[in-house]
Structure formats: structure tokens, C-alpha cells
Amino acid sequence: MIVRTARLSDAEAMSRILTDIIAVTQRQRPHDQDFVRDNYINNPHGILCSVAEDENGEVLGFQSLIRAVEDNVYGVTAGWGIIGTHVSPNAARRGVGKALFAATRLAAENADLQNIDATISADNANGLAYYDSIGFQSYRTGDNTICKRFSVFSS
Ligand SMILES: CC(C)(COP(=O)(O)OP(=O)(O)OC[C@H]1O[C@@H](n2cnc3c(N)ncnc32)[C@H](O)[C@@H]1OP(=O)(O)O)[C@@H](O)C(=O)NCCC(=O)NCCS
């Protein structure tokens with residue numbers, strides 16, 4: 001597996017991963033290619049969007065890190081990072097998420113981010129366990145969400 005920066009040409013594979021996750025979890029979310037390009041690959045506030053791919057070049061998952069701006073929809077403090085992680089159900093629990101975070105963490109350090117927010121559905125046990133495992137800690141709750149924080153320079 002390698003981790004590299006996402007390219008526009010990854011949009012189709014990333015969209016398919018979101019579609020597959022929706023099929024398994026029944027949790028709806030935007031997932032078309034335009035959304036993937038605008039929100040992840042080309043987000044104007046993006047710091048890094050990485051994909052993990054296998055030896056055949058198949059995209060297994062992706063992770064985005066953007067900088068929170070004033071009045072962002074997540075209610076995250078401006079200047080913090082906001083992370084999102086999506087791994088294909090076919091590649092789950094093989095260390096893809098962990099490998100992606102190694103790159104994201106480095107990018108956060110280089111961008112001098114102090115904190116990263118992960119906002120997770122309260123009923124998403126896998127997502128909560130994943131962020132716990134990489135050092136995020138719960139710091140607030142929203143409507144059916146739990147927000148976890150990663151302290152970049154003291155974790
Ligand atoms: C949550 C998600 C990103 C995890 O990705 P992953 O590549 O399977 O995670 P990893 O294999 O790197 O696992 C790292 C650790 O996370 C925890 N973890 C991951 N999946 C887990 C699961 N299904 N059950 C319990 N713990 C889990 C474990 O501690 C694991 O370490 P271990 O395997 O050594 O025990 C992936 O399941 C996913 O994309 N889910 C759908 C989208 C989503 O919920 N995103 C996150 C919230 S927005």
C-alpha cells in the first residue's frame with residue numbers, strides 16, 4: 001500500500017468508496033464526483049487530501065484535512081483542522097486508516113495546526129474506535145454527533 005496526494009483523476013474511485021460505505025452503513029452523505037472534487041480534492045481550504053492505493057493502483061481509502069474558517073458548517077473553531085476519513089468496506093481493518101493518518105499528521109505539523117477536529121455520528125462505533133485508536137479524544141457533542149480532538153503537538 002502507498003499513500004499519496006489525491007489527484008482529480010481519483011474522483012471516480014473516491015466517489016465509489018463513498019457509495020459503497022453508504023450501502024453498508026445506510027448513513028446518507030453527499031458522494032458524487034463533483035462533491036468529491038469540490039469538497040475533498042480541490043477544497044479551497046484544503047491542507048492535504050491523501051489516498052491509499054494497493055499494488056495494482058486501486059484506491060482503498062482517502063483522508064482529507066482542511067482548515068476551519070470562520071462560521072464553518074461544522075461549528076469548529078477557526079484555525080483548527082477538520083479531518084474526514086473514508087476507507088472502502090472491502091479494505092476495512094487492514095491499517096489503511098492508520099497509514100493515511102501518518103501523512104495527515106505530518107501535514108498538520110507542517111501547516112502549524114494546533115488541533116484537529118473529527119465529527120463522527122454518535123452511532124458510528126467503527127469511526128469512534130478508529131479515531132480513539134489514533135489519539136483523538138472526545139471534547140464536545142452535537143446533534144447525534146461526537147466531536148473528537150487531536151492535539152497535534154502534544155499527542
Ligand atoms: C472508520 C474507518 C475510517 C476505519 O478505517 P480502517 O482502515 O478500517 O482502520 P484501520 O484498519 O487503520 O484501524 C485502525 C484502528 O482503528 C480501530 N478500528 C478500526 N475499525 C474498527 C472496527 N470496525 N471495530 C473496532 N475498532 C476498529 C482499531 O483500533 C484499529 O486498530 P487494530 O486493527 O490494530 O485493532 C473505516 O471503517 C471507514 O471508512 N468507515 C466508514 C466511514 C467513517 O465512518 N469514517 C469516519 C467517521 S466520519
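One-based numbering, in listed order, for ligands and for the atoms of each.
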The reported gap from CE in Met14 to SG in Cys49 (rounded to nearest 0.5 angstrom) is 4.0 Å
The answer for which part of Thr85 has a heavy atom under 4.0 Å from ligand 1 is both
shortest atom 8 (O) of ligand 1-to-protein heavy-atom contact is with Arg93 N, 2.7 Å
Interatomic distance, OG@Ser50 vs OH@Tyr40, rounded to 0.5 Å, equals 13.5 Å
When distances are taken from atom 14 (C) of ligand 1, the protein heavy atom at minimum range is Ser133 OG, 3.8 Å
If you scan protein heavy atoms around atom 7 (O) of ligand 1, the nearest is Gly97 N, 2.8 Å
Ligand 1 to Val96, heavy atom cutoff 4.0 Å, flagged ligand atoms 7 (O), 12 (O)
If we number the atoms of ligand 1 from 1 as shown, the ones under 4.0 Å from a heavy atom of Arg94 are 11 (O)
The side-chain contact (heavy atoms from CB on, under 4.5 Å) partner of His31 among Leu18, Asp20, Ile21, Val36 is Leu18
re atom 26 (N) of ligand 1, the protein heavy-atom contact at minimum distance is Ala129 CB, 3.4 Å
Ranked by distance from atom 48 (S) of ligand 1, the top protein heavy atom is Thr119 O, 4.2 Å
Here the atoms of ligand 1 under 4.0 Å from any heavy atom belonging to His86 are 39 (O)
* Asked: With a 3.5 Å cut-off and no angle check, do the side chains of Asp117 and Thr119 form a donor-acceptor pair?
  -> yes
dist Leu60:CG -> His86:NE2 (nearest 0.5 Å) comes out at 15.0 Å
One should read off an interatomic distance between Arg93 CZ and Asn126 CG, to the nearest 0.5 angstrom, of 8.0 Å
Near Asn124 (heavy-atom distance under 4.0 Å), the atoms of ligand 1 are 43 (C), 44 (O), 47 (C)
For Gly84, does its backbone N or O pair with a side-chain atom of Gln63 as donor and acceptor, under 3.5 Å?
-> no
One finds that the ligand 1 atoms under 4.0 Å from a non-hydrogen atom of Gly95 are 10 (P), 11 (O), 12 (O)
A student checking ligand 1 against Gly127 at a 4.0 Å heavy-atom cut-off should list atoms 1 (C)
When distances are taken from atom 37 (O) of ligand 1, the protein heavy atom at minimum range is Asn126 CB, 4.4 Å
- Electrostatic pair Asp112-Arg67, nearest N-O below 4.0 angstrom: no
Between Tyr131 and Phe101, does the ring centre distance come in under 6.0 Å? no
Of all protein heavy atoms, the one nearest atom 31 (O) of ligand 1 is Lys98 NZ, 4.0 Å
**Q.** Within-shell test, Ala92 vs ligand 1, heavy atom, strictly < 4.0 Å
**A.** yes
Does the side chain of Asn115 come under 3.5 Å of the side chain of Arg149 through a donor N or O and an acceptor N or O?
yes
One should read off an interatomic distance between Leu48 CG and Asn43 CG, to the nearest 0.5 angstrom, of 12.0 Å
Closest to atom 13 (O) of ligand 1 among protein heavy atoms sits Tyr130 CD1, 4.3 Å
To atom 39 (O) of ligand 1, the nearest of Asp20, Val87, Leu60 on a heavy-atom basis is Val87
